Amino acid sequence: VQIVAHFRNELVEAIVELDASSTVSAHRIAGIAGTLGFDAVSASWLKLSNGQTEAAGQARRDARIAIAQIDRDTLLSNPI
């Protein structure tokens with residue numbers, strides 16, 4: 001659970017860097033996402049790491065969907 005929470009924070013930071021046109025560690029995000037089972041995130045960020053800048057929009061969307069999924073799963077496993 002802790003690694004997923006840390007990955008969520010890394011996704012948030014990566015989106016901010018992507019929005020600011022900074023260099024993001026796309027390959028790292030792709031690898032962690034793949035390891036944790038976030039296949040869509042892995043695929044789109046891998047495209048970014050391979051220089052396919054047109055994948056930025058999809059990478060951003062996939063990351064936001066993964067963040068929402070992590071947040072939902074966290075709420076379901078820790079009800080108020």
Side-chain angles (χ1 to χ4, degrees):
V1 173
Q2 211 168 23
I3 193 166
V4 174
H6 181 70
F7 176 62
R8 181 207 180 278
N9 294 337
E10 285 193 37
L11 280 176
V12 170
E13 290 175 21
I15 290 171
V16 170
E17 289 178 15
L18 186 60
D19 288 341
S21 299
S22 299
T23 303
V24 294
S25 184
H27 188 76
R28 177 177 158 77
I29 294 292
I32 296 170
T35 300
L36 295 176
F38 293 96
D39 297 337
V41 175
S42 181
S44 58
W45 286 80
L46 185 59
K47 287 179 183 177
L48 275 180
S49 76
N50 289 329
Q52 297 177 30
T53 56
E54 68 277 2
Q58 187 64 48
R60 187 177 293 109
R61 281 186 295 277
D62 291 340
R64 287 182 176 147
I65 289 169
I67 291 166
Q69 179 182 343
I70 292 166
D71 289 347
R72 233 182 355 264
D73 292 348
T74 300
L75 283 175
L76 290 175
S77 62
N78 298 311
I80 298 173

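One-based numbering along the sequence shown. Nothing here was measured: the structure is a model prediction, and the numbers come from that model.
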Heavy-atom pair with the smallest gap, counting every atom of [X] and [Y]:
{"X": "Ala56", "Y": "Leu18", "result": "O-CD2, 3.7 Å"}
{"X": "Ser49", "Y": "His27", "result": "CB-N, 3.5 Å"}
{"X": "Ile15", "Y": "Trp45", "result": "N-CH2, 4.5 Å"}

Would you say Val12 and Ile3 are hydrophobically clustered, going by side-chain heavy atoms of ILVMFWY under 4.5 Å?
yes
Do you reckon Ile32 sits in the same ILVMFWY cluster as Leu46, going by side-chain contacts under 4.5 Å, direct or chained?
no
Once you round to the nearest 0.5 Å, how far does [atom1] of [X] lie from [atom2] of [Y]?
{"X": "Arg72", "Y": "Ile67", "atom1": "CZ", "atom2": "CD1", "result": "12.0 Å"}
{"X": "Ile70", "Y": "His6", "atom1": "CD1", "atom2": "NE2", "result": "11.5 Å"}
{"X": "Arg8", "Y": "Glu13", "atom1": "CZ", "atom2": "CD", "result": "10.5 Å"}

Heavy-atom side-chain proximity of [X] to [Y] below 4.5 angstrom:
{"X": "Ile65", "Y": "Phe38", "answer": "no"}
{"X": "Gln52", "Y": "Leu48", "answer": "no"}
{"X": "Leu75", "Y": "Asp71", "answer": "no"}

Could you list all the side-chain hydrogen bond (donor to acceptor under 3.5 Å, both in side chains) pairs where at least one residue sits in residues 31-44, not counting sequence neighbours?
Ser44-Asp62
Mind checking side-chain hydrogen bond (donor to acceptor under 3.5 Å, both in side chains) for Arg28 and listing every partner two or more places apart, or none if nothing turns up?
Glu10
